[in-house]
Structure formats: structure tokens, C-alpha cells
Novice: 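The following block contains the structure, expressed as C-alpha cells.
Proteins get letters first, then strands, A, B, ... in listed order; numbering begins at 1 in each. All values reported here derive from a predicted model rather than from experimental measurement.
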Amino acid sequence: MSRTETSDFETLSETQLTRSERYRQLIDELVLAPARIVWHDWRARIAVVIISGFLFLGTVGVRLVDEPRTNQGDRLVGAFRTLEHPLGTTASGVDILSQITYATVPMLQMITAGAVFSVVMATAIGTTSGYKGGVVDRVLMTVTDVLLTIPGLPLVIVLAGVLPIGGNPYAIGVLLSINAWAGLARALRSQVLTLRDAEYVEASRIMGVSTPKILSADIIPNLMPYITMNFVQQARAVIFGSVGLYFLGILPYNRTNWGVMMSDAVRQAGATSSVAAFHWLLMPMLAVILLSMGLTLFAQSADRLFNPRVRARHAKTIGGDETDEVSS
Amino acid sequence: MSYVLKRTAQAIFTVFATISLTFALVRLLPGGPVDYLRAQMLQQGGDLTTEQINRRIEAQTNIAVDEPLYVQYFDYMASILTGDLGESTWYGDPVVDILGSAIPWTIFIMSVSLFLAFVIGISLGAFMAYREGSRFDVSSTVVALLLNSTPSYVVGLLALTFLAYRGGVFPTGGHYASGIDPGLSLEFLLSAAHHGALPILSMTVVAFGGWALDMRGNSIRVLGADYLHVARLRGLSERRIALRYVARNAILPMYTGLMIAIGTMFGGAVIIEEIFSYPGVGYYLISAIDQRDYPVMMGAFILITVAVVIGIYVADLTYGKLDPRAKRGESRESY
């Protein structure tokens, strides 16, 4: 620290950072610290491995594996019998590994669309409602309560039966989340209620900062743990819902899907009663469980990411005076 | 306005909104159910006049297509509210008769599995919290997470494969064995339980893990609270502390989750009923979609929603009795 003769008000900063130092600090806080936290937690470590595995399958995997088509191999080859078809084949000789791989792409698209849609809707409606209060709040919450009560999957089934939706995975992801945002919007609203009268929010309001700015700068950052958790939970709900409805044959499709695979296995080869076809049913089931397990574990560990104390401990550029242990 | 009155108004409004939504879906959608029915009748009927076709459509959907839109809407609302859901295009019977015989079965498997999952989950979660950090706690957490990541229909299909087809322990479909008269006989009740066992099992197995994890988290939080130290210092019995102080305060926050579960369970029940050929409301909903039987489809949706609204309504009103803090302050300043 260098003491000069100027008054305290003229001093800009005790230490000046060069541009590269500032970038390094930013990267450390935003990228490396979260990465270190994630790697510190066993649940997160497994989650990251599983999720990136599926991302790999959906991006690089489709380039490595041949597209699924009939007569790629013999009919109903069991799983783990040949190296050519490690997961076996279907009744029409389609390689199951390639089906699983190619079905990952629309699944990831559906998950992203549904989770983004529900989180954006919930954040917009929940925060506005909680912050504004009055008539706005009452109207928005009445709509939210109605949507919260209407049973989601039956609603989706009816809409899919009536609306002329194509097989676009993004559209289906949004459809499956049509009322899923309501629960999160309610939860966010009650969080906002406790924040709207905090001193720093009050200060912004008195200074004449606009409502959208107060919401985005002062309120929403506090809600990030909630929002992330729900993003992941909704992603899981989209998997469950889409696979279930594809299994029932209700949703339209133009590419293969794990639910369609299960449906074909049961209807074409009687996989529930025939031993020879069981692997055809089992493989997509395992894919569903594995991916949602990865997402669940990620949600479980995500709250640590947003804990400022845990973050500070893992960021090297923030001083070394963090001595208090975080109970986990 | 009192809470009960307000809550009642909200429940009625939800039912009202749902019926309006189905009206919009049936009537306003280009190429929607009404257009579909008309096209189908023109194709099959041959010599039916427009007048006759309109009468048929009105009988099946409760919508008088030759009236102005607002009259159609009021007629539709009135007939649904008086319990007339139209006529099935597939079975030819009134929709109310078809679904009325199905809904008790759906509510049976749903409420039993919800109850079992809740009770098992809470007991397990409390026990996990009591033994926090032990091997039992860790392994239970792993199992709970795994079950929580499994959809009910996956468990259903596995149960069907191993316990029904290969094991032969349980039947593969139906409400009860054929040849038994439904009634309050022991034989009938046992048969109904036997047939309902796998659907109930499928929905229970995937749900109790989540309850257990919630209960574990809540209990651990309560176990560290100051009022427990006070209770111990006052010399209250361990039993009283466990039940009145820990359990009660840990369960209450989960009550909202229970209400939401009533709604989501119906989604699970729809798919499970289809897998086990269990003719509940969901089973008819799916087959109505396959056969484009729009009156049954809309009726099933309205019926499921009303059941959920009633379930949540009852849960909401009892919540106030359980937790005196649950009073809503609505006198907030508007910015």
C-alpha cells in the first residue's frame, strides 16, 4: 500500500489492476471457482461426468455411430454379445446403440427448450408479481394458481391430441412445460416478498431506478439457487414426460426417441413377456434413469455453487481470510 | 373475506377456467374436434342433412354449432355443470356413464400409493436424520436418489415383466378377477387389492424416496433448533419431543408438496393405467385419443381436473388447522 499526500477522496484505488489481471480475476471468479466447487463434491463430480457423457453422445457420438436403419445386424441380438452391436439389435435388426445415440439429440433439445421456457416464464411472472403487489399481483397469481391446479400431464395429453403440433423437439419441450412454471413462480414470488423491502432495494427505489432494473440487478441474483435447481428439475420432468408420452404413442415424432424404442420393444416384440427382446426395452430405460440421475445429482449439489462463502473459499483472487468452515 | 370463502371461490374459478379451456379447444380450433366430427359424419353418413349433423354434434359435444358463439359457450358451461359431458363417439354411451365407473378405481390406486409413499417416506426420512452420517443414512440417500430418478412407468414395466408375466404372482390387467361380483365381499376386496397391487407399487416406489429426502432435510434443520434445547431443559419426555416438536415441525413444510403431488400423481396414473390395462380415467383418456373420441377425451380431462381441485382444496383447508401460522397477509403496499 502506498500512502500519498492526496486526500482520501482523490484516491482512486489502492491497487490498480492491469487489464489482463482483471480478466484473470474474472475467469477465476466465474469459471474456475465454480469448477473447483463442483469437483470438490462427489455428487457433482458424478453429475458432470454423466451429463457431459450425454452431451458427447449427442454431439460427437452421432458422428461416430452409424445412423439407425433396419438390417444393420441380425434380428434381436442380445446385449453385450458382439462387439459390432454392443447393446444388441431390435426385431428388425436395428442397432440399439445407434438408436440410443441418435435419440439423445432431440432429447437434449426438448430438455433445453422446456427448462428454459419454464424458468423464464416463472422468473418473469413470479418476480413481477411479488415486487409489484396490488392488482398486478392478484391477477398474475390467480392465473398461476389455476395453472398450478390443472394436472399437467393430462393437460399435455389433451393438447397433444387436439393441437396440430409437428415433431419439432423444441415445440414439444415447451408443450411439456406448459404449466410447469406455475409452481416455481409461486415460490419465487414468496422469496421476492422477503426481498422487496430490503434496505438496498429500498435505496434503489428511492433513487428512481426503474422496476425492470431493480428486478434484474437487485432481486433476481438472490434467486439464482432456486432458479438453477428448478431448471434441472424441469429438465428431468421433460425427460419423464416425453418418454412416457412417446411410449404411449401420443406425441408425434420424426426421429427416434427412447420412449418410441420402449413402445416398439413392448408392442412389436412383446418385451414384457419375451426374454429375447427384454434388452431392447431395458437399454432406453437405463438411458432415462442415467440422464435423470445425473440431473438430480447436479441439482443436489447446485446450491453449493451459489453459496458465497463456498465460492470465496475456492477463488484464489479473493483474499485468503476466509477461515470459517462451511457446514455441509 | 375469510380464507375459507376465498379458497372456495378460487376452487370454483379453477373448475370454471378448465371448462372454458376445453370449450375453446373443442370449438375454436380450426381443424379441431368439431370440424373433425363434422367431416367424419359427412364421410360416413352419406345422406345426412346439415341440420341432422348439427344435432349429432350437439348431442356428442354439448355444443350447438348453429347458435352464435356466446350462446354456444353458455349452453356448454350449463350442460357440463349439470353433469352432462356429452356422448362417446366410439362407445355410443354417455361420457358420464363411462368415466363415472372408472374414476373410483383411479382414485383408489392414486390415493393408496400417495398415502403409502408419504408414510414410508416420512418414517424413513426421520430415521435417516436420527442416524445422520451413518452408513444407513448414506446408503438410504443413494437409494432414494436412484428411485427419485426413475419414472413410475419404468418400474411399472419392470414389475409387469418380472412379477406378472415371468413370476406370475400378479395379474397383468383389469380391476378384479372375472367371475367375481363387485360388492362388499371379502373375495372381491382381495381380488381388487391383488389387481391394484402392481399399479400402486409402481407409483409408490418412485415417490417415497423424494419424501424421505425432504423429511430428512427438514428434521435435521429442526433438530438444531433452539426450542428443542428448551424442551429438553424443561424435562419433557423424548417421545413427546420426537412427536410433537420434531415430527410436527418437519412434516408441516411438506404439506404443500403433498398438495402438488395430488396433481402430478394423476399424470403418473394415466401412464400406469395404460401399462397395466387398468380401466381408470387415464386409461379411457388414452384410448379416446387413439380413437379420436373427443367427447370422452374432454370429459376425462375435466373429470381429472375436478378431482385434483377437490383434493387440493381439502388439503388446503386442513392445512390451516394443522399450522396456525398459515395465515395470509394480503395488505401489502403496491409499488
Novice: Is it true that A:Asp218 and A:Lys213 have a side-chain N and a carboxylate O under 4.0 angstrom from each other?
Specialist: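 A salt bridge is absent here (no side-chain N lies under 4.0 Å from a carboxylate O).
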Novice: Name the member of B:Leu158, B:Leu213, B:Ile262, B:Val26 that forms the most heavy-atom pairs with chain A at distances under 4.5 Å.
Specialist: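 Max contact count across the listed options: B:Leu158.
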Novice: For the residue pair B:Phe162 and A:Phe278, does the interplanar ring angle fall in the parallel (under 30°), tilted (30 to 60°) or perpendicular (over 60°) class?
Specialist: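 Ring orientation, 0 to 90° scale: perpendicular.
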Novice: Looking at chain A, which one of B:Thr18, B:Val15, B:Leu157 has the largest number of heavy-atom pairs inside 4.5 Å, strictly under?
Specialist: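 That would be B:Leu157.
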Novice: Who among B:Ile289, B:Val270, B:Leu160, B:Leu145 has the most heavy-atom pairs with chain A under 4.5 Å?
Specialist: B:Leu145
Novice: If you count heavy-atom pairs under 4.5 Å between each of B:Pro151, B:Gly267, B:Pro33 and chain A, which one has the most?
Specialist: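 That would be B:Pro151.
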Novice: Looking at A:Leu297, A:Ile289, A:Val288, A:Ile239, which has the largest count of heavy-atom pairs under 4.5 Å with chain B?
Specialist: A:Ile289
Novice: Go through A:Leu147, A:Ile250, A:Leu291, A:Val275 and name the one with the most non-hydrogen pairs under 4.5 angstrom from chain B.
Specialist: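 It is A:Val275.
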Novice: Is chain A contacted by the side chain of B:Leu25, its backbone, both, or neither, given a heavy-atom distance below 4.5 Å?
Specialist: both
Novice: Measure A:Thr149 against the heavy atoms of chain B and call it side chain, backbone, both or neither at under 4.5 Å.
Specialist: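 For A:Thr149, heavy atoms of backbone and side chain both lie under 4.5 Å from chain B.
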Novice: So for B:Met298, is it side chain, backbone, both, or neither that comes closer than 4.5 Å to the heavy atoms of chain A?
Specialist: side chain
Novice: Go through the atoms of A:Val136 and report whether side chain, backbone, both or neither lie under 4.5 Å from a heavy atom of chain B.
Specialist: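 Neither part; nothing is under 4.5 Å.
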Novice: When you check the side-chain N and O atoms of B:Tyr313 and B:Thr8, is any donor under 3.5 Å from an acceptor?
Specialist: yes
Novice: Consider only side-chain N and O atoms of B:Asp293 and B:Ser88, and report whether a donor and an acceptor are under 3.5 Å apart.
Specialist: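 Judged by distance alone, the side chains do pair up.
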Novice: Is any NZ, NE, NH1 or NH2 atom of the basic residue among B:Arg7 and B:Asp316 found under 4.0 Å from an Asp or Glu carboxylate oxygen of the other?
Specialist: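 Looking at B:Arg7 and B:Asp316, the cut-off is met.
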Novice: Could you tell me if A:Arg205 sits above the aromatic ring of A:Tyr131, with its cationic atom closer than 6.0 Å to the ring centre and no more than 45 degrees from the axis?
Specialist: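 No, cation not above the ring by the 6.0 Å, 45° rule.
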Novice: Report, as yes or no, whether the 6.0 Å neighbourhood of atom OH on B:Tyr36 holds more than 12 heavy atoms from other residues, nucleotides or ligands.
Specialist: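 More than 12 heavy atoms, drawn from other residues, nucleotides or ligands, come within 6.0 Å of this atom.
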Novice: Heavy-atom distances under 4.5 Å only: say whether A:Leu155 touches chain B with side chain, backbone, both or neither.
Specialist: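 Both parts, backbone and side chain.
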Novice: Who among B:Thr172, B:Ile275, B:Thr22, B:Asn148 has the most heavy-atom pairs with chain A under 4.5 Å?
Specialist: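 That would be B:Asn148.
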Novice: Can you confirm if the NZ or CZ of B:Arg292 lies within 45° of the ring axis of B:Tyr294 and under 6.0 Å from the centre of its six-membered ring?
Specialist: no
Novice: Out of B:Asp290, B:Thr264, B:Leu146, which one racks up the most heavy-atom pairs below 4.5 Å with chain A?
Specialist: B:Leu146
Novice: Chain B heavy atoms under 4.5 Å from A:Leu290: which part of the residue, side chain, backbone, both or neither?
Specialist: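 Neither part.
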Novice: Report yes if some heavy atom in the side chain of A:Leu176 is under 4.5 Å from a heavy atom in the side chain of A:Leu245; otherwise report no.
Specialist: yes
Novice: Please state whether the side chain, the backbone, both or neither of A:Leu281 comes within less than 4.5 Å of a heavy atom of chain B.
Specialist: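 Answer is side chain: those atoms of A:Leu281 sit under 4.5 Å from chain B.
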Novice: When you look at A:Thr296 and B:Ser149, which way does the side-chain hydrogen bond (donor to acceptor under 3.5 Å, both in side chains) test go after all the steps?
Specialist: CA-CA 7 Å; A:Thr296 310; B:Ser149 312; 3.3 Å; yes
